[in-house]
2 protein chains.
Amino acid sequence: MDTIVKTIHVGFAKPFGCHSCRMNKLCIPLALGSDELDKLDQLNALVQRKNPLQPRDGVFFSGDPFTSIYAVRSGSIKSFCIDTDGREQVTGFYLPGEIFGWDGLANDHYQNTAIALETTSVCEIPYDQLDKLGSAIPSIKKYVMKLISHELNADQRLIALLAGKSAHQKLASLLLSISDRLVVQGLSPRRLWLPMSRGEISNYLGMTVETVSRALSHFQRNNYLHVNKKDIEILDKQALRSLLISSDDTE
Amino acid sequence: MDTIVKTIHVGFAKPFGCHSCRMNKLCIPLALGSDELDKLDQLNALVQRKNPLQPRDGVFFSGDPFTSIYAVRSGSIKSFCIDTDGREQVTGFYLPGEIFGWDGLANDHYQNTAIALETTSVCEIPYDQLDKLGSAIPSIKKYVMKLISHELNADQRLIALLAGKSAHQKLASLLLSISDRLVVQGLSPRRLWLPMSRGEISNYLGMTVETVSRALSHFQRNNYLHVNKKDIEILDKQALRSLLISSDDTE
DNA sequence: AAATCGACCTGATATAGGTCAACTCAGGGT
DNA sequence: ACCCTGAGTTGACCTATATCAGGTCGATTT
């Protein structure tokens, strides 16, 4: 079944390659320099577009052998690990154009599990092939390093958030981060749809669902946001930003 | 050995190269395979041993252009960043044999500042040279990727700690981590000297100095530890471990 | 040796956020 | 139409940890 899907994929022409991908300005091709088309073709050749995933479908699971990194084409992904006491810890949310799966590099097995939050399609990029391409094309190699390092920086931002910020600050920070990432996709920075549940948000931010819910209500009361379930409209971005720069959390 | 002759021949007087380094089983040379000596020589040629650092001396500062990664030879390093509201956030402690500085890769500038916690010596490994060596020797390249990815995993462990654990659990986890890392160095897992202050511990773990202090006292009262300032003796490692696996924090 | 200083510890009190419980609401299945 | 279930919200209460305010100790200066 799974194999059938695969063979169909390999056999088909690729009508929707990197050339036509909405996300190709965000994804790997950013590394391209002068001889763009040529490189894009090479990339295109190694990227495998996968069947759309349904909500809760997994891309890879903790313990699976590491083979590939993945790019979100549409939809969204959450990654999480199970820590020492069996608790699930969400380690990241990935939106279209973003790349995930690097954590498997350390010991050839994924540490995290990655699942779709909604109907999602991803591109698989086999790591050994990417690596080979990187050896041939320095700009690709450099870009790969930047992608990993970017992930490191994201983790460190999260660490600073978790270690030092109040519940309101954490939530504001997440909302602003998502908003910024929507802008990169060319979407509105004001209207956002949260693909994850309150529970997933609270887990990611190290707090409880109730606190997330109350913080959202609080922001709504203060006209920072309009909240309708997972639909958020940012009414006063400056107010949210100022929560982060001053440690003043009042009002 | 003849290697020393070789390095002298090249023009550098390196009487204490990677060959003789106590940490060479932990550091980059781990990547070495069959033709070890040859590779070690190449590594040795690019590693620059620096003058010993005094406490508080910086290795690199946030904003400096990224040039190199560093290995701790002796002593210890803390890295920290300044977040949006100007607060310092400790992002890592590095012990002998450990490698730091990867965070600069993302945008060619270090995000963190790295300073010595005590009298410390580090080796500088220029990244572009390491990269070249990686291109020539696949096992080196692979090992470099593993090192970065290891850093990613460490950050994710910290995220899980910060997001989900109590003060006692966080502190126990740090102590056990340091203990484990001492073992790797071939030192006793029971006696440990904390090179960082209570304030640095508390900042790293997202809590206050007072809570760190009380937690240490608590562990001492329960005979998990014997605490004498920065000198810690682990009396009941199993008790500390069990704090982490069950969410039961009582007693 | 008196004074100063910084790191650390401890006790009393305050509070942010956790816990528990009740409720609403939107699907989905029968 | 009905119940069920799970997600989200809200309120009342509680507790882990922050905050504030003294302390001790050891090193350094005078």
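FYI, side chains are in, hydrogens and waters are out, and symmetry mates aren't considered; it's all heavy atoms of this structure. Everything numeric here is computed off the predicted structure, so don't read it as measured data. Order of the sequence lines sets the chain letters (A, B, ...), proteins ahead of strands, with each chain counted from 1.
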## Note on the structure
Counting primed atoms, P, OP1 and OP2 as sugar-phosphate and everything else as base, the B/S/- map of nucleotides 18-29 of chain D against protein heavy atoms under 4.0 Å is SBB---------
Tell me the interatomic distance from [X], atom [atom1], to [N], atom [atom2], rounded to whole angstroms.
X      : N      : atom1 : atom2 : result
B:Q169 : D:dA16 : CD    : C1'   : 12 Å
B:D231 : C:dC9  : CG    : P     : 13 Å
A:I201 : C:dG17 : CD1   : C1'   : 17 Å
A:H168 : C:dT15 : NE2   : C1'   : 13 Å
A:N228 : C:dC25 : CG    : C1'   : 12 Å
B:F219 : C:dC8  : CZ    : C1'   : 17 Å
A:R221 : D:dT10 : CZ    : C1'   : 10 Å
B:N203 : C:dC8  : CG    : P     : 13 Å

### Query
Is there any salt bridge (Lys or Arg N to Asp or Glu O under 4.0 Å) pair reaching into residues 212-222 of chain A, and which pairs are they, with sequence neighbours excluded?
none
### Task
Would you classify B:S213 as touching base, sugar-phosphate or nothing, given that sugar-phosphate means primed atoms plus P, OP1 and OP2, and contacts are heavy atoms under 4.0 Å?
base
### Query
Contact class for B:K170 (heavy atom, under 4.0 Å): base, sugar-phosphate, or nothing?
nothing
### Message
For B:Y110 and B:F66, take the angle between the two ring planes, folded into 0 to 90°, and tell me which bin it lands in: parallel under 30, tilted 30 to 60, perpendicular over 60.
### Response
perpendicular
Quick one: side-chain contact (heavy atoms from CB on, under 4.5 Å) partners of [X], sequence neighbours excluded?
X      : answer
A:S188 : A:R190, A:R191
B:S121 : B:R73, B:S74
B:P52  : none

### Task
Any pair with a residue in residues 183-207 of chain A that passes ring pair (Phe, Tyr, Trp, His ring centres under 6.0 Å), sequence neighbours left out, goes on the list, sorted by first then second residue, please.
A:F93-A:Y204
#### Entry: Residues forming a salt bridge (Lys or Arg N to Asp or Glu O under 4.0 Å) with B:E98, sequence neighbours excluded
B:R181
### Query
Over its full length, what angle do the end axes of the helix from C:dA1-D:dT30 to C:dT30-D:dA1 make, each axis taken from five pairs and the result rounded to 10 degrees?
30°
### Query
Any donor-acceptor pair under 3.5 Å linking the side chain of A:T120 with the backbone of A:L53?
no
### Message
Listing request: all side chain to side chain donor-acceptor pair (under 3.5 Å) pairs with a residue in residues 51-62 of chain B, at least two apart in sequence or in separate chains.
### Response
B:R56-B:E200
### Summary
Assign each of A:K230 and B:K165 the nucleotide of DNA chain D bearing its closest heavy atom; nearer the 5' end lies the nucleotide of A:K230
